[in-house]
Number of protein chains: 2
Amino acid sequence: MESRRDVFQAIADPTRRAIIMLLAVSAMTPNGLAEHFNSSRQAVSKHLQILTECEVVKPESRGREIVYHLNNHKMQEIEKWLEQFKQLMAKRFDQLDNVLNKLQNLKK
Amino acid sequence: MESRRDVFQAIADPTRRAIIMLLAVSAMTPNGLAEHFNSSRQAVSKHLQILTECEVVKPESRGREIVYHLNNHKMQEIEKWLEQFKQLMAKRFDQLDNVLNKLQNLKK
DNA sequence: TCCATATGCAACTATTTGATTGCAAATATA
DNA sequence: TATATTTGCAATCAAATAGTTGCATATGGA
């Protein structure tokens, strides 16, 4: 539980994805989050620790409570990667279009 | 190596992300892919197996070679999830805007 | 037919993961 | 001050992961 801490690892786990969605709606405490899950408070806390390590989430102390906020900026890394991927796909279809166009021209 | 086979698990590994990017450019054989990595052919083959299981990739037999194609449709599941997330975030900012507007109104 | 090539499958291993339980520290409240 | 609440941290465990090596299978070419 030490390595490869990045956003993609963060969203690999369904519980963490759920946590991210909940925090997207509003910042919450570990206890508040844990109420939404079947697993123990500590399990949720561990997920929060992982999410904190890869900076998807940021803890803010408020008295004895700790409110966890989502770091939208980090989430954008996924979007960025997806965008790169989509560009490659688009380029590929362009090439396919070229091939199809050439075939079309041969028909003429 | 049996469980939780979904797109998010697929893109959690950096080698698999690289494979996806390569296949986004053009369909390739396992050997062709393996040339781009330091790890063994079998390691790449295992990743392809995982990617096949979660339908991110589709094998097509061509004689003794097997050409792997990307399944763009499956990749869109990530986009879809990200879209849901962004909507929640947007809604949250709307609420924040509302609060700010109310404060603004109090000042008047 | 014989051999090289391309690939998948099985067995094994070290490391990581996700979860649990128990405990300690810090803060609020009576 | 004494007590309850909120949280993090450590130890432990079963399962999954990523990788390796070795072997079997199938196709194409000499």
Side-chain angles (χ1 to χ4, degrees), chain A residues 1-23 26-71 78, chain B residues 1-23 26-71 78:
Chain A
M1 212 151 181
E2 294 274 356
S3 67
R4 238 163 69 264
R5 281 290 121 88
D6 60 27
V7 208
F8 298 98
Q9 194 64 21
I11 64 165
D13 183 83
T15 303
R16 282 199 290 273
R17 284 202 298 282
I19 290 177
I20 288 172
M21 285 304 202
L22 286 169
L23 293 186
S26 76
M28 296 177 80
T29 65
N31 266 346
L33 281 166
E35 284 173 13
H36 292 82
F37 299 96
N38 292 327
S39 53
S40 69
R41 177 190 66 78
Q42 280 88 344
V44 173
S45 219
K46 269 205 169 182
H47 284 303
L48 283 173
Q49 191 187 322
I50 292 172
L51 291 170
T52 305
E53 279 175 34
C54 58
E55 294 175 299
V56 168
V57 135
K58 218 180 93 183
E60 179 205 1
S61 288
R62 278 199 197 164
R64 76 178 147 184
E65 292 188 335
I66 298 179
V67 183
Y68 280 87
H69 298 263
L70 206 75
N71 179 11
I78 307 169
Chain B
M1 210 143 171
E2 294 277 353
S3 69
R4 239 166 65 266
R5 282 290 124 87
D6 60 27
V7 208
F8 298 98
Q9 192 66 18
I11 64 164
D13 183 84
T15 303
R16 282 199 289 272
R17 284 201 298 282
I19 290 176
I20 288 172
M21 285 306 201
L22 286 170
L23 293 186
S26 77
M28 294 178 80
T29 65
N31 266 345
L33 282 166
E35 285 173 13
H36 292 81
F37 299 97
N38 291 328
S39 53
S40 68
R41 177 188 66 78
Q42 280 87 344
V44 173
S45 218
K46 268 204 171 181
H47 284 303
L48 282 173
Q49 190 187 324
I50 292 172
L51 290 170
T52 305
E53 279 176 35
C54 58
E55 294 176 299
V56 168
V57 134
K58 219 182 92 184
E60 178 206 0
S61 289
R62 278 198 196 166
R64 74 179 149 185
E65 293 188 335
I66 298 178
V67 183
Y68 280 86
H69 298 263
L70 207 75
N71 179 12
I78 307 168

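Sequence lines set the chain letters: A, B, ... in the order given, protein chains first and strands last, and positions in each chain run from 1.
- Rounded to whole angstrom, the span from the NZ atom of Lys46(B) across to the P atom of dA11(C) amounts to 12 Å.
- Residues Phe37(B) and Val44(B) share a closest heavy-atom pair of CD1-CG2, 4.0 Å.
- Donor-acceptor pairing under 3.5 Å, judged by distance alone, is present between the side chain of Gln42(A) and the base of dG22(C).
- Taking 3.5 Å as the limit, the base of dG28(D) and the side chain of Arg62(B) contain no donor-acceptor pair of atoms between them.
- Taking 4.0 angstrom as the limit, Tyr68(B) places a side-chain polar atom (N or O) nearer than this to OP1 or OP2 of dG8(C).
- Put simply, NZ on Lys46(A) and OG1 on Thr15(A) are 13.5 Å apart, with the number rounded to the nearest 0.5 Å.
- Listed nucleotides: dG18(C), dG8(C), dT20(C). Nearest to the side chain of Ala43(A): dT20(C).
- Within the 4.0 Å cut-off from OP1 or OP2 of dA19(C), at least one side-chain nitrogen or oxygen of His47(A) is found.
- Annotation: the span from Met21(B) atom CE to His36(B) atom NE2 amounts to 14.0 Å, rounded to 0.5 Å.
- Using a 4.0 Å heavy-atom cutoff across all strands shown, Arg16(B) reaches sugar-phosphate atoms only and no base atom.
- The shortest distance between the side-chain N/O atoms of Ser45(B) and the OP1/OP2 oxygens of dT7(C) is not below 4.0 Å.
- Distances from the side chain of Gln9(B) to the nucleotides dG8(C), dT17(D), dT27(C) place dT17(D) closest.
- Remark on DNA chain C: of its neighbouring residues Thr15(A) and Gly63(A), the 5'-side contact belongs to Thr15(A), judged by nearest-heavy-atom nucleotide.
- Formation of a donor-acceptor pair under 3.5 Å by the Arg16(B) side chain with backbone atoms of Gln9(B) is found in this model.
- If you take CG of Leu48(A) and P of dG8(D), they are 7 Å apart, rounded to a whole angstrom.
- With rounding to whole Å, Ile66(B) atom CD1 is found 18 Å from dT5(C) atom P.
- Side chains of Leu23(A) and Met28(A) form a contact here, defined as non-hydrogen atoms less than 4.5 Å apart.
- The distance from atom CD of Glu65(A) to atom C1' of dG8(D) is 15 Å, rounded to the nearest whole Å.
- Here dT5(C) presents its P atom at 13 Å from CZ of Arg41(B), a figure rounded to the nearest Å.
- Salt bridge present: Asp6(B) and Arg17(A) bring a charged side-chain N and a carboxylate O closer than 4.0 Å.
- One interatomic measurement links the two molecules: CG of Asp6(B) to P of dA16(D), which rounds to 14 Å at whole-angstrom precision.
- Closest approach to the Ser40(B) side chain among dT5(C), dT7(C), dT20(D) is made by dT20(D) (side chain taken as heavy atoms from C-beta onward).
- The base of dT7(D) lies outside donor-acceptor range of the side chain of Arg64(A), with no N or O pair under 3.5 Å.
- Using a 4.5 Å heavy-atom cutoff, the side chains of Val57(A) and Leu70(A) are in contact.
- Note on Arg5(A): a side-chain N or O is less than 4.0 Å away from OP1 or OP2 of dT17(C).
- Counting to the nearest Å, the P atom of dT17(C) and the CD atom of Gln49(A) are 12 Å from each other.
- If you take CG of Asp13(A) and P of dA15(D), they are 17 Å apart, rounded to a whole angstrom.
- Nearest heavy-atom pair across Pro30(B) and Ile66(B) is CD-O, 3.1 Å.
- For the segment residues 26-39 of chain A, the set of residues with a heavy atom within less than 4.0 Å of an atom of DNA chain C comprises Ser39(A), in numerical order.
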